Amino acid sequence: MTTQFRLIFPDYVRVSVLVLVIFLTGCIFVDFKPKELYQEKFISGNEKSVNKVLILPINGIIMNEEAGGFFSKDACTPEKIREQLQLAGRDKDIKAIILEIDSPGGGVTASDIIYQNIKEFKKQKPDLPIVVLMKDTAASGGYYIAMAGDYIIAHRTSITGSIGVISLFVIVEELLEKIKVDVEIIKSGEVKDMGSPFKKMSDKERELIQSIVNEMYQRFVNVVVEGRKDVLTREEILKLADGRVFTGQMAYDKKLIDAVGYLADAEKKAQEIAHLSDSKVIRYERVKSGLGAAFSLENPLGEINFLKQLVLRDGTSRFMYLWWPAGE
């Protein structure tokens with residue numbers, strides 16, 4: 001007699017397997033081309049106008065990649081900005097861009113890549129003006145990126161500036177001693193473990209790291225000198241480039257921006273530079289599939305997780321164009 005066995009799974013297991021299969025199938029067949037990720041949304045102006053002014057947002061902490069998978073807030077990444085610039089470059093009806101910045105900055109490299117992408121876009125589209133509109137915050141890396149614009153407007157209450165570099169190093173040497181944990185480090189050179197959390201930094205290591213910070217700082221200053229060359233000298237910029245922040249009105253008084261105003265003012269300036277009689281303001285909105293929306297859950301600790309991954313990634317510190325008072 002043949003004995004047959006039949007596995008009986010609870011309902012929640014069968015449902016979980018079905019969801020996994022659907023998810024994996026979606027990953028295989030979904031086309032992630034930029035043109036399928038975004039759709040236009042009308043914001044203001046004359047909706048019937050053929051002239052489009054695109055709002056390109058620089059929102060949140062600037063990073064090279066998203067942190068935290070499905071369950072984190074979106075980072076502002078160079079790839080996302082590049083996608084939208086590509087879309088704008090293919091649309092002949094887009095006559096100007098409003099670069100809407102609401103960011104405390106972020107990674108040095110990510111900030112520089114976005115800045116370079118915008119500069120390259122301007123070379124390809126020299127007749128398409130880029131007006132910067134600063135919202136709550138456009139500090140450090142946010143201000144760095146603003147230097148790629150043709151004209152900068154900030155709200156009176158915006159926070160901007162913070163021209164400088166910061167890198168944080170967490171030292172746990174004394175903690176490990178208290179809990180009786182030893183760490184053996186085998187290295188090929190005296191400073192190979194420079195910045196290690198397992199030991200205090202030597203004077204030589206601190207000097208070497210400071211030299212890196214100084215070079216990145218000079219890069220930041222050079223970008224600001226290029227962006228504000230018509231109104232400020234290098235000497236004047238250096239007096240303001242000690243990491244301090246300014247309100248929009250203060251930044252205007254110091255000539256770090258061109259005007260104080262709102263979205264309507266940015267639209268009017270974009271029309272003026274582009275020689276438009278009218279326009280409609282649009283933005284690209286990311287299109288979420290049913291599957292993507294199901295896995296896109298809000299993380300109440302999103303900003304904290306971003307900062308954690310930004311400051312310490314894979315156990316190593318990063319160099320940042322970031323305004324973060326808590327890091328002082």
Side-chain angles (χ1 to χ4, degrees), residues 31-45 49-66 73-135 137-138 140-153 219 223-224 226-227 258 263 266-267 269-271 273-276 279-288 292 321:
D31 183 1
F32 290 100
K33 292 180 181 179
K35 64 181 181 181
E36 296 183 4
L37 285 178
Y38 298 95
Q39 64 183 4
E40 284 187 14
K41 180 180 179 181
F42 171 76
I43 302 299
S44 63
S49 176
V50 296
N51 302 315
K52 299 177 185 176
V53 176
L54 171 67
I55 294 179
L56 180 57
I58 306 289
N59 291 338
I61 294 175
I62 301 164
M63 300 178 67
N64 273 321
E65 59 189 40
E66 294 182 36
K73 290 184 178 179
D74 289 342
C76 177
T77 66
E79 180 59 30
K80 289 180 181 177
I81 304 306
R82 189 183 303 115
E83 286 176 354
Q84 296 199 42
L85 287 173
Q86 289 173 351
L87 287 174
R90 291 197 294 263
D91 189 342
K92 295 180 180 179
D93 292 332
I94 290 181
K95 302 299 172 61
I97 290 177
I98 296 175
L99 195 64
E100 185 184 73
I101 302 178
D102 192 356
S103 170
V108 164
T109 301
S111 300
D112 187 63
I113 290 173
I114 293 174
Y115 169 82
Q116 292 296 336
N117 285 344
I118 295 171
K119 295 284 283 187
E120 185 61 32
F121 179 84
K122 288 175 64 177
K123 288 181 182 178
Q124 298 171 3
K125 301 285 184 178
D127 298 327
L128 198 155
I130 297 179
V131 175
V132 175
L133 177 63
M134 295 179 172
K135 299 189 73 178
T137 306
S140 207
Y143 185 72
Y144 188 106
I145 292 170
M147 294 299 99
D150 299 305
Y151 193 85
I152 304 174
I153 300 174
R219 167 62 181 163
V223 165
V224 178
E226 173 64 23
D258 298 303
L263 176 59
E267 180 184 4
K269 191 64 184 181
Q271 288 179 345
I273 300 175
H275 307 291
L276 303 175
S279 66
K280 60 181 175 183
V281 178
I282 65 164
R283 71 167 72 237
Y284 294 137
E285 287 200 340
R286 205 175 185 92
V287 178
K288 290 185 178 180
Y321 293 143

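Treat the numbers as computed from the prediction; the structure is a model and nothing was measured.
Arg283 and Glu40 are not joined by a salt bridge, as no carboxylate oxygen comes within less than 4.0 angstrom of a charged side-chain nitrogen. Ion pairing of Glu79 with Arg82 is present here, as a side-chain N (NZ or NE/NH1/NH2) and a carboxylate O approach within less than 4.0 Å.
Heavy-atom minimum distance, Ala270 versus Pro129: O-CG, 4.1 Å. Closest approach of Glu267 and Val281 over heavy atoms only: CD-CG2, 3.3 Å. Closest approach of Pro57 to Ile81, counting heavy atoms only: O-CD1, 3.6 Å. Of all non-hydrogen atoms in Ile61 and Gly106, the two that sit nearest each other are CG2-CA, 4.2 Å. In terms of heavy atoms, Gly60 sits closest to Pro104 at O-CD, 4.0 Å. Here the closest non-hydrogen pair linking Ala138 and Ile101 is CB-CG2, 3.6 Å.
Ala266 pairs by the side-chain contact (heavy atoms from CB on, under 4.5 Å) definition with Ile98, Val131, Leu133, Ile153, not counting sequence neighbours. Every residue two or more places apart in sequence or in another chain was checked for a side-chain hydrogen bond (donor to acceptor under 3.5 Å, both in side chains) with Asp102, and none qualifies. In this structure Lys269 satisfies the salt bridge (charged side-chain N to carboxylate O under 4.0 Å, His left out) test together with Glu272, sequence neighbours excluded. Partners of Asp91 under the side-chain hydrogen bond (donor to acceptor under 3.5 Å, both in side chains) rule, at least two apart in sequence or in another chain, are Lys52. Taking Tyr115 as the reference, Tyr144 meet the ring pair (Phe, Tyr, Trp, His ring centres under 6.0 Å) condition, with sequence neighbours excluded. With sequence neighbours excluded, no residue forms a side-chain hydrogen bond (donor to acceptor under 3.5 Å, both in side chains) with Ser44. Residues forming a side-chain contact (heavy atoms from CB on, under 4.5 Å) with Ala110 (at least two apart in sequence, or on another chain): Ile62, Asn64, Pro78.
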Report task. Take Ile130 and Tyr151 through the side chain to side chain contact (heavy atoms under 4.5 Å, CB included) test and state the conclusion after the steps. Result -> CA-CA 7 Å; Ile130 297 179; Tyr151 193 85; over 6 Å; no
Query raised in the report: Does the pair Ile97 and Val53 meet the rule for a side chain to side chain contact (heavy atoms under 4.5 Å, CB included), with working shown?
Result: CA-CA 5 Å; Ile97 290 177; Val53 176; over 6 Å; no
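The shortest distance between side-chain heavy atoms of Leu54 and Tyr284 falls below 4.5 Å. Residues Asp112 and Arg219 are in side-chain contact: their nearest non-hydrogen atoms beyond the backbone lie under 4.5 Å apart. In this structure, the side chains of Leu263 and Ile55 come closer than 4.5 Å at one or more pairs of heavy atoms. Put simply, the side chain of Met147 reaches to within 4.5 Å of the side chain of Ile152, judged on heavy atoms.
Interatomic distance, Ile114 CD1 to Cys76 SG, rounded to the nearest 0.5 Å: 4.0 Å. Here the straight-line distance linking atom CD of Gln39 with atom CD of Glu285 works out to 6.5 Å at 0.5 Å rounding. Here the NZ atom belonging to Lys95 is positioned 15.5 Å from the CD1 atom belonging to Ile273, to the nearest 0.5 angstrom.
Sorted by first and then second residue, the ring-ring contact (aromatic ring centres under 6.0 Å, His included) pairs involving residues 88-109 (not counting sequence neighbours) form an empty list.
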Pair up each side-chain donor or acceptor in residues 118-126 with any protein partner under 3.5 Å, not counting sequence neighbours, and list the distances.
| from | atom 1 | to | atom 2 | distance (Å) |
| --- | --- | --- | --- | --- |
| Lys122 | NZ | Ala148 | O | 2.9 |
| Lys122 | NZ | Asp150 | OD1 | 2.9 |
| Lys125 | NZ | Gly89 | O | 3.1 |

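Panel note: side chain Lys80, backbone Ala75; a donor-acceptor pair is recorded below 3.5 Å.
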